[in-house]
2 protein chains.
Amino acid sequence: MGRSNREQADMNRQRIVDQADAAVRGGGVAAVSISDIMARAGMTQGGFYNHFESKDALIAEACSSGFARSVRNWKARAQSKRQPVVGALKRRVAYYLAKKPVEQSCLIVALGQDAARHHASPALHDAFREGVEQLFATFRQVALADPSSTLSEDEMTAAFAAIVGANMLARATGDGRWSAGVETYFAARSR
Amino acid sequence: MGRSNREQADMNRQRIVDQADAAVRGGGVAAVSISDIMARAGMTQGGFYNHFESKDALIAEACSSGFARSVRNWKARAQSKRQPVVGALKRRVAYYLAKKPVEQSCLIVALGQDAARHHASPALHDAFREGVEQLFATFRQVALADPSSTLSEDEMTAAFAAIVGANMLARATGDGRWSAGVETYFAARSR
DNA sequence: ATTATCTATAGATCTATAGATAATGC
DNA sequence: ATTATCTATAGATCTATAGATAATGC
């Protein structure tokens with residue numbers, strides 16, 4: 001097959017990152033096998049090290065890239081002109097909690113345990129921390145821009161923790177009560 | 001060394017389960033290596049299969065056993081005669097969110113991702129689901145028994161999701177804001 | 001000449017099994 | 001005789017590296 005040109009090689013690199021992102025959302029770091037990811041990206045495992053220093057480096061980059069994707073998604077949907085501004089928060093929360101294919105699961109839930117481990121690379125820990133920060137900032141912006149939301153600054157922290165927790169509980173138990181309960185909570189704090 | 005008697009063998013088995021419980025709390029299923037667990041329990045890996053069918057069987061049992069331990073802990077602290085009944089929920093939440101050694105972390109946070117995976121054994125999935133149910137029931141009992149709590153039935157689901165989410169976020173990011181924010185929320189809903 | 005990719009493999013785990021050993025319990 | 005434990009190892013991964021191959025880009 002031989003060598004790709006620069007443009008193609010960059011696209012290949014991005015495909016590796018995207019596949020790692022999808023795999024991580026589906027099952028955390030344990031779900032990422034380099035030979036597997038490379039095969040899905042259409043290459044063999046030997047080529048991996050032309051693009052990344054190590055598996056840890058890939059995981060950290062997939063984390064950053066994935067959080068950026070989620071933030072873009074939140075913002076694009078919140079700013080959509082097809083929806084009224086009123087009730088935007090409630091709709092965003094409902095979408096966040098809706099059942100989705102595993103490869104589109106929330107990265108916070110998917111990587112939380114891996115990022116917490118002492119064994120985790122500093123790069124992953126930093127990327128995770130930064131990603132949570134950005135996603136929370138986006139959540140906060142949506143809440144502030146929605147005139148129907150009555151959440152105070154103090155309540156936003158608890159509300160964000162609640163949607164993350166409900167998402168994890170719903171995914172792990174298969175019980176829709178957790179999502180429904182948190183949506184009810186949000187409905188009660190909007191006018 | 002030769003064979004242990006029945007009583008000793010049962011104690012050995014329980015030590016294996018307890019070590020698996022501690023390892024799982026520290027880092028999920030990925031943190032459990034049979035040779036490691038057996039060494040910590042004072043045996044060699046070959047002896048493992050006298051006690052368990054497979055690693056999956058051990059994980060599922062560690063999950064059940066661990067949740068039972070957490071439920072006992074919640075109840076023992078909530079019913080302690082040394083503390084007033086008023087404010088019990090707030091104190092229990094503060095204790096739940098307090099920093100603890102990794103091997104005492106919350107099993108919901110530790111095993112959530114593993115239980116959600118398609119790859120997870122049905123035994124683990126069931127044990128997790130059952131454990132969450134019991135822990136939530138205990139949380140609810142504490143809330144109902146505390147005259148200072150103003151949580152409605154509807155709010156309890158969201159409140160439980162919030163403490164679980166805050167615990168995960170706090171552990172994974174190292175940021176105390178999540179625990180503090182949720183504690184503030186509980187303080188605001190008590191009289 | 002450089003380098004992106006492939007083939008092949010070394011080295012490190014980790015689960016599970018087979019067979020030996022020695023104490024238990026009938 | 002039974003069985004809890006140990007030693008040793010088979011078999012399956014998985015990360016990372018070494019060296020070959022072939023297309024790129026100067």
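Order of the sequence lines sets the chain letters (A, B, ...), proteins ahead of strands, with each chain counted from 1.
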Which one of A/Arg77, A/Lys75, A/Gln83 satisfies the side chain to side chain contact (heavy atoms under 4.5 Å, CB included) criterion with A/Arg92? A/Arg77
Just how far, in rounded Å, is P of C/dT15 from NE2 of B/His51? 17 Å
Would you please confirm or rule out a distance under 4.0 Å between OP1 or OP2 of C/dC6 and any side-chain N or O of A/Thr44? yes
Nearest-Å distance, CD (B/Gln8) to C1' (C/dA22)? 15 Å
Ring-plane angle category for B/Trp74 and B/Tyr96, please: parallel below 30°, perpendicular beyond 60°, tilted otherwise. tilted
Between B/Asn5 and B/Lys55, whichever has its closest DNA chain C nucleotide further toward 5' is B/Lys55
Any donor-acceptor N/O pair under 3.5 Å between D/dT2 base and B/Arg3 side chain: yes
For A/Gln45, report the nucleic acid contact type (base, sugar-phosphate, nothing); a contact means any heavy atom under 4.0 Å. base
Atom CD1 of B/Ile37 and atom P of C/dT13: how far apart are they, to the nearest Å? 17 Å
Please give, in whole Å, the distance from C/dT9 C1' to A/Phe48 CZ? 18 Å
Over 60° means perpendicular and under 30° means parallel, so classify the ring planes of A/Tyr185 and B/Tyr185, tilted if in between. perpendicular
Which nucleotide wins on minimum distance to the side chain of A/Ser35, given the candidates D/dC14, D/dA16, C/dA16? D/dC14
Residue matched to C/dT21 through Watson-Crick or wobble contacts both under 3.5 angstrom: D/dA4
A/Ile34 CD1 to C/dA10 P, in whole Å, measures 19 Å
What is the distance, to the nearest angstrom, from the CZ atom on B/Phe52 to the P atom on D/dA4? 13 Å
Which nucleotide in D/dA4, C/dA16, C/dG25 has an atom nearest any side-chain atom of B/Tyr49: C/dA16
Rounded distance in Å - CG (A/Asp56) to C1' (D/dA16): 13 Å
Using both distances under 3.5 Å as the test, list the Watson-Crick or G-U wobble partner of C/dT15, or none. D/dA10
Regarding A/Arg69 and A/Asp18, does a basic nitrogen lie under 4.0 Å from an acidic carboxylate oxygen? yes
Provide, to the nearest angstrom, the distance between the CZ atom belonging to B/Arg6 and the C1' atom belonging to C/dT24. 12 Å
Side chain of A/Ala9 only, please: which of C/dT15, C/dA4, C/dC6 is the nearest? C/dA4
Over-ring placement of A/Lys100 relative to A/Tyr95, 6.0 Å and 45° cut-offs: yes
